Amino acid sequence: MSNPADLPHWPRRMKAHLAAAYMGVAPSTFHSRVRQGRYPSGYRNGGNVLWYKEDLDVALDALKGLVPAEEEWRV
C-alpha cells in the first residue's frame, strides 16, 4: 500500500491504520483514543473493523470546538 499521505482522496471507510493516518496520529494513539471515547468506535464488517470518514471528521471538528464532542458517533 502506498503512503496514506500520498492519497489524493481518502476512502469513505478505513481500517484502523488508515484512520489513524487520517487523524494524524500513530495507530497505538488512535486505538487509545478510541478506547477513551475521544474518537469514534469503528463498525464491524465481517472480520474487519472500519471507520467512516464522516465520523472521523466529526471527531476532528469536536477537537476544534466546532461541534460538541460525541454528538454524532455515540448512540
Side-chain angles (χ1 to χ4, degrees):
M1 177 173 195
S2 64
N3 182 349
D6 295 336
L7 292 174
H9 303 285
W10 291 91
R12 186 167 180 208
R13 298 185 321 165
M14 301 174 232
K15 290 185 178 182
H17 72 282
L18 197 54
Y22 183 77
M23 299 299 278
V25 298
S28 60
T29 301
F30 179 78
H31 286 294
S32 175
R33 291 180 182 172
V34 169
R35 283 191 302 275
Q36 295 168 359
R38 295 173 60 191
Y39 290 169
S41 296
Y43 296 89
R44 186 160 297 281
N45 181 2
N48 295 311
V49 178
L50 302 167
W51 280 262
Y52 281 90
K53 180 181 173 293
E54 295 86 355
D55 293 343
L56 299 174
D57 287 338
V58 170
L60 290 171
D61 287 345
L63 290 173
K64 286 181 63 178
L66 298 177
V67 296
E70 304 177 0
E71 179 176 297
E72 293 292 325
W73 67 81
R74 285 282 179 106
V75 180

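The structure presented is a predicted model; accordingly, all values stated were derived computationally and were not measured.
Annotation: side chain of Leu18 is in contact with side chain of Pro11 (closest heavy-atom distance under 4.5 Å). Looking at Tyr39 and Asp55, their side chains never come closer than 4.5 Å, going by heavy atoms from C-beta outward. Proximity of Val58 to Pro40: side-chain heavy atoms (C-beta onward) are nowhere separated by under 4.5 Å.
In this structure, the side chain of Trp51 does not engage the main chain of Arg13 through any donor-acceptor pair within 3.5 Å.
Of all the heavy atoms in Val34 and Ser41, the pair that sits closest is CG1-CA, 4.0 Å.
Residues forming a side-chain contact (heavy atoms from CB on, under 4.5 Å) with Arg12 (at least two apart in sequence, or on another chain): Tyr52, Glu54.
For the residue pair Asp57 and Tyr22, a side-chain donor N or O sits within less than 3.5 Å of a side-chain acceptor on the partner.
Cluster annotation: Leu50 and Met14 are assigned to distinct hydrophobic clusters (Ile/Leu/Val/Met/Phe/Trp/Tyr, side-chain heavy-atom contacts under 4.5 Å, transitive).
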inquiry  = Determine whether Val49 and Lys15 satisfy the following criterion, side chain to side chain contact (heavy atoms under 4.5 Å, CB included), listing intermediate values before the conclusion.
reply    = CA-CA 6 Å; Val49 178; Lys15 290 185 178 182; over 6 Å; no

